[in-house]
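This report refers to the structure that appears directly beneath it.
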Amino acid sequence: MKKLIALALVMVMALSLFAGCAKEETTTTTAAAGTTTAATEATTAAPESNVEPIEDLILAKTYGLETFNIFNTEGANARGILINLVEGLLDNNNKSQSIPAIAKSWGSEDGNVTWKFDLRDDAKWVDVNGNEKAPVIAADFEVGMEWILNFHKNGGSNTSKLIEFVKGAKEYYEYTKELEPAEALALTAGEGSKFLELVGIETPDDHTVIYTAIKPTPYFDSLAQTTSFYPMSQGMVDEIGVENINSMTNENMWYNSCYTMTEYVSGNEMVLKPNPLYWDKEAKIFNSVTLKQVESTDVAYMLFENGENDYVTLNYTQVMEIYNDPNHKYHDYLVEQNPGMRANQMHFTYDKYLADGTPDTNWNTAIANLNFRKSLYYGIDFLEYYKRFNPINPMNCENNFYTRADLVYMSDGTQYVEVVRDEMGIDEKSDTKIAQLNPTKAEEHKKLAIEELTAQGVTFPVVIEYYIGSSQDAVDNAKVLEQSMEECLGADYIDVKLMEYGAMSGTQVRDNGMSAFAINSYAGAFADPSTYLTQEIYGDANAFYTRNYSRINNLPADSEVALALQEYTRLYHEANAITDDHDARLRAFAKAEAYFFDQVITVPVYITNSYCLTNIDLNSQMYSMLGGSADKMKNWETNLNGYTSAEMEAIRASAK
Amino acid sequence: MLKYTIKRLLQSLFTVFLIASIIFILMRMLPVENYFTEDEAMNLTEEQQQDILEAAGLLDPLPVQLLDFYKDTLKLDFGTSRRIQKGALVVDVIGDKFTVSMRNGATALCIALVLGVLLGVGQTLNKEGIIDHFGTAFTIFVNSVPTIVSFALIMVFGSKVLGLPTLYSSRKVMMSSIMPIFCLSLGSIAGYALWTRRYMVDELNKDYIKLAKIKGLSRGKIMLKHVLKNAFVPLTQYLPAAFLSTIGGSMLCETFFSVPGMGPLLTTGVTKYDISVVQTLSILYASLGVLGAFLGDVLMIIFDPRISLLTKEESR
């Protein structure tokens with residue numbers, strides 16, 4: 001009997017616990033979410049030719065959202081979602097040029113030092129259900145900037161551009177840093193505040209914001225579309241509480257962009273609904289957008305097949321499978337993505353260490369030799385490597401520059417990078433040959449390098465330790481690169497050794513200078529070559545690549561490489577000092593960039609350019625080199641039946 | 001019993017304390033560079049990075065950090081997440097996920113228990129017969145096919161043939177939970193079937209069963225009242241732990257089906273260097289582990305009268 005009672009009790013406890021958990025999990029769904037339509041039913045990717053616009057968009061993402069406070073993230077993924085919820089002064093078009101958002105007009109009348117932005121009067125803050133909370137006014141931009149620059153409020157995120165460009169920003173940041181947290185949290189951007197006293201921002205009325213730059217900044221408007229210049233309503237801060245802003249949710253945040261997020265389930269999905277009070281009444285906005293968090297692109301592909309996803313990036317295997325099978329249902333639907341924002345470089349480590357912590361003298365001596373570097377620059381044929389990203393049109397991945405193409409243009413519309421090309425004296429872009437590739441020159445430099453380096457005691461083949469992540473894609477890519485490098489330059493000259501991170505993180509490998517090179521790039525933040533080129537200058541602790549990758553600052557200042565980088569830095573500063581003549585400025589930067597490659601401080605490698613299956617017209621997105629804008633789901637053209645390769649090509653051709 | 005309970009409780013507390021301390025020290029031994037993402041490292045100056053580390057207390061000497069950690073834990077202050085849900089209290093991050101994982105896990109456990117034991121009983125009753133061969137083949141299949149492959153097969157079959165939602169959806173909880181729950185229970189069904197069969201076959205060969213047969217007890221009565229009951233005793237020890245571990249979720253299954261559960265939280269916390277989340281989960285899982293072991297012992301006593309918690313001296 002006793003046992004029976006005990007058993008019954010255990011079962012009752014288990015059942016009650018189970019029943020407690022069996023209720024619908026608490027989501028942050030609001031009343032509006034109840035009206036969500038079954039978007040999955042509305043979407044299909046059946047290969048038909050008729051155009052049927054999508055009203056309920058579904059996108060699969062391999063990442064989630066870490067915060068609802070756009071100021072508190074530096075990540076492009078989070079920003080890509082949040083720009084649909086919060087809007088700043090300006091957006092940008094497909095040529096990376098500024099276009100109106102909250103600001104309807106802007107300009108500078110004093111040689112690019114003070115910049116005035118006139119705000120529209122119909123922009124509103126709304127709650128998650130689209131009810132009006134307050135108008136968007138100029139003071140909101142002061143509140144936003146105060147939040148970012150206050151160390152105890154925002155922890156330093158998104159400060160770099162403000163500190164670099166806005167008068168008094170650094171002083172205010174330093175001031176708040178020294179305060180006790182409670183004191184700093186109590187600060188505001190109100191009248192008579194320390195913020196207004198120190199920082200170069202003024203709001204003469206509710207619809208005008210004036211910024212004062214530290215120096216003449218002709219591209220300030222492109223800076224103004226970055227997160228650092230976004231608004232925040234003091235009303236929201238008061239309502240949520242200053243200490244709760246960084247943990248605010250979709251339910252209590254205020255919105256001023258084209259959507260509100262009516263549902264958010266961490267690790268699962270987000271549902272966006274149109275903001276009924278969004279100022280741009282003409283804009284094409286979806287009835288709903290569902291963002292599903294998925295484990296991998298394989299799952300995203302399966303969702304696309306099931307009509308539960310409107311866009312999927314394909315991996316190499318998927319592209320090849322579809323491309324090689326003419327009967328594949330998606331054979332005609334392979335669409336080339338818009339090229340990536342990053343101009344990836346082979347960043348050499350000039351102060352490299354072996355795994356045991358001793359300097360890799362053989363490599364360090366070799367890479368310090370200009371002829372050795374030039375043999376790599378002219379000698380490596382990256383075509384097979386490109387195929388890993390774009391197996392159908394690999395040459396579309398070609399990159400010959402440090403600054404990403406499509407970022408800046410001369411007054412006559414010429415691309416800045418074309419000016420760099422002229423300075424460098426390399427071939428025009430072609431569909432058959434990588435412009436910088438020159439086996440004859442490579443062979444000449446190789447011979448000279450062998451002579452010079454042998455005299456310095458370097459042994460051949462020079463071992464090039466290349467550390468890579470553990471993902472199969474990364475390993476496969478690296479193997480192709482290893483093979484290309486050794487085939488082009490000879491296994492008796494270089495020996496590329498693929499190394500695994502093991503127990504180390506990528507950051508540890510980088511900070512310990514263990515990899516002979518890394519392939520990656522900076523993402524441009526504003527429409528000026530300096531956004532890229534400043535990352536490689538000599539002796540500046542803020543130059544990310546010099547500090548973390550090339551480590552040239554660690555070499556003797558009179559070493560050949562250090563002297564070359566010093567000369568590049570001089571040319572860079574010379575160009576950066578030109579603020580009154582746009583074309584002269586760009587020509588000067590082109591000279592600096594050409595010198596950078598003449599000295600082969602890095603080798604330009606590739607631009608990401610892969611394939612996708614899409615129900616979205618990629619050409620209708622705000623595709624730009626300034627990041628994030630392409631994710632703003634506004635004015636997108638769509639077709640429920642998917643876009644074929646031919647249709648997309650035709651759209652792109654007509655847009656040109 | 002009371003003395004035993006107090007003793008086990010103290011041991012458990014010490015174990016949890018030890019695990020929490022070790023995890024804390026190990027996390028602090030990771031290079032602080034991991035604190036920043038590549039995007040952050042690109043945009044923050046070295047000085048700013050130092051300021052942030054200092055404000056987070058990560059530049060304090062380890063004993064000071066450890067002491068602060070003990071103080072906060074005693075006040076049940078588990079801190080805030082700085083990556084997974086920036087600025088949110090860790091308890092809030094865990095909050096909803098806890099119930100989702102437990103609901104799916106407990107359902108899967110119940111299904112696995114019923115089906116697994118039934119299959120095991122069927123295999124024993126039909127030893128060397130068709131059910132036994134089917135059970136063996138099923139067990140081998142489940143254990144030999146890589147989990148991710150079987151999940152993918154189930155996803156394709158479930159979504160394309162049965163028309164089930166491919167991923168979990170909070171708007172269609174019942175239907176969208178079918179595939180994750182099935183995947184979760186698959187391995188356990190095979191496990192319970194295997195062990196039930198094994199223990200029942202052991203019991204069947206014992207003398208008291210032969211005696212029962214000689215005494216003329218019906219086969220059904222022998223199997224149910226004697227063989228299954230005794231074979232079930234070793235399994236009961238692990239039931240509480242299995243039940244409590246459902247709270248932890250399944251990293252693979254939940255990630256694969258986008259279930260917003262606890263499963264991926266710990267690994268995400270470690271990879272994203274979300275210290276507070278990792279430490280809180282370590283304490284939670286360690287507590288559940290020791291609690292599960294304790295409850296397992298108690299259940300064993302209830303089901304098997306031959307087991308006693310008294311020492312030899314006390315029993316005299």
Side-chain angles (χ1 to χ4, degrees), chain A residues 3 6-7 10 14 17-18 20-27 29 33 36 40 66-67 69 72-76 151-152 155-160 177 244-248 263 265-269 292-295 298-299 302-303 306 308 505-508 511 520 522 535 541-542 544 547-548, chain B residues 30-31 33-34 36-49 51-52 55 80 83-89 92-93 95-100 102-103 106-107 110 152 155-156 159-160 165-171 173 243 254-261 264-265 299 302-303 305:
Chain A
K3 285 174 204 166
L7 194 61
V10 168
L17 200 57
F18 176 68
C21 297
K23 67 180 174 62
E24 299 282 301
E25 71 270 24
T26 314
T27 66
T29 312
T36 307
T40 50
E66 61 195 18
T67 179
N69 182 4
N72 202 20
T73 178
E74 298 271 9
F151 176 75
H152 292 282
S157 282
N158 289 301
T159 50
S160 60
K177 212 171 72 181
N244 298 321
I245 290 291
N246 286 333
S247 59
M248 65 187 182
E263 190 174 342
V265 183
S266 169
N268 179 235
E269 70 180 16
K292 294 187 176 189
Q293 191 174 336
V294 297
E295 179 257 347
D298 291 326
V299 176
M302 204 180 290
L303 288 175
N306 294 348
E308 297 177 61
S505 67
T507 315
Q508 276 174 284
D511 289 350
N520 54 32
Y522 189 77
Q535 305 303 329
N542 296 332
F544 180 74
R547 187 180 80 212
N548 294 301
Chain B
L30 289 172
E33 292 81 15
N34 292 356
F36 302 101
T37 61
E38 188 80 347
D39 284 329
E40 285 173 339
M42 279 185 185
N43 289 308
L44 295 168
T45 63
E46 263 193 333
E47 192 191 340
Q48 282 182 315
Q49 291 181 24
D51 293 339
I52 292 167
T80 54
R83 280 264 178 276
I84 295 169
Q85 266 176 257
K86 278 187 169 186
L89 292 174
D92 290 338
V93 174
D96 294 347
K97 295 179 182 293
F98 183 91
T99 52
V100 177
M102 195 164 184
R103 184 191 59 221
T107 311
C110 291
M155 184 186 261
V156 171
S159 63
K160 288 191 188 297
T166 315
L167 300 180
Y168 178 87
S169 167
S170 56
R171 276 168 278 140
V173 174
F243 180 72
E254 290 182 352
T255 310
F256 198 73
F257 289 98
S258 298
V259 179
L265 213 51
L299 264 189
I302 293 169
F303 275 90

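Just so we're on the same page: letters track the sequence lines, and every chain starts at 1. Side-chain atoms are counted along with the backbone in the values below, which use heavy atoms only and exclude waters and symmetry mates.
For the pair A:Val299 and B:Leu167, the minimum side-chain heavy-atom distance is below 4.5 Å. Put simply, the side chain of B:Lys86 does not reach to within 4.5 Å of the side chain of A:Asn246, judged on heavy atoms. In this structure, the side chains of A:Glu269 and B:Ser258 stay at 4.5 Å or more apart for every pair of heavy atoms.
Nearest approach of B:Asp51 to A:Phe151, heavy atoms of both residues: O-CZ, 3.5 Å. Of all the heavy atoms in A:Ser247 and B:Gly87, the pair that sits closest is CB-O, 3.2 Å. When all heavy atoms are compared, the tightest approach of B:Ser170 to A:Glu263 is OG-OE2, 2.9 Å.
Atom CE in A:Met302 sits 5.5 Å away from atom CE in B:Met155 (nearest 0.5 Å). Here the CG-CD distance, from A:Asn548 to B:Glu46, works out to 7.5 Å after rounding to the nearest 0.5 Å. In this structure, the separation between CG on B:Asp92 and OG on A:Ser266 is 11.5 Å, given to the nearest 0.5 Å. Here A:Ser157 contributes atom OG and B:Glu40 contributes atom CD; the two are 5.5 Å apart, rounded to the nearest 0.5 Å.
Only the backbone of B:Ile84 comes within less than 4.5 Å of a heavy atom in chain A; its side chain stays farther off. Residue B:Thr37 does not touch chain A at all, counting heavy-atom pairs closer than 4.5 Å. Both the backbone and the side chain of A:Tyr522 come within contact range of chain B, each with at least one heavy atom under 4.5 Å from a heavy atom of that chain. Using a 4.5 Å cut-off between heavy atoms, A:Asp511 touches chain B through its side chain atoms alone.
B:Ser159 and A:Glu308 share no donor-acceptor pair across their side chains, judged by distance under 3.5 Å alone.
Ranking A:Met248, A:His152, A:Gln293 against chain B, the residue ahead of the rest is A:Gln293, based on heavy-atom pairs under 4.5 Å. In terms of heavy-atom pairs under 4.5 angstrom with chain A, the leader among B:Gln49, B:Gln48, B:Glu254 is B:Gln48.
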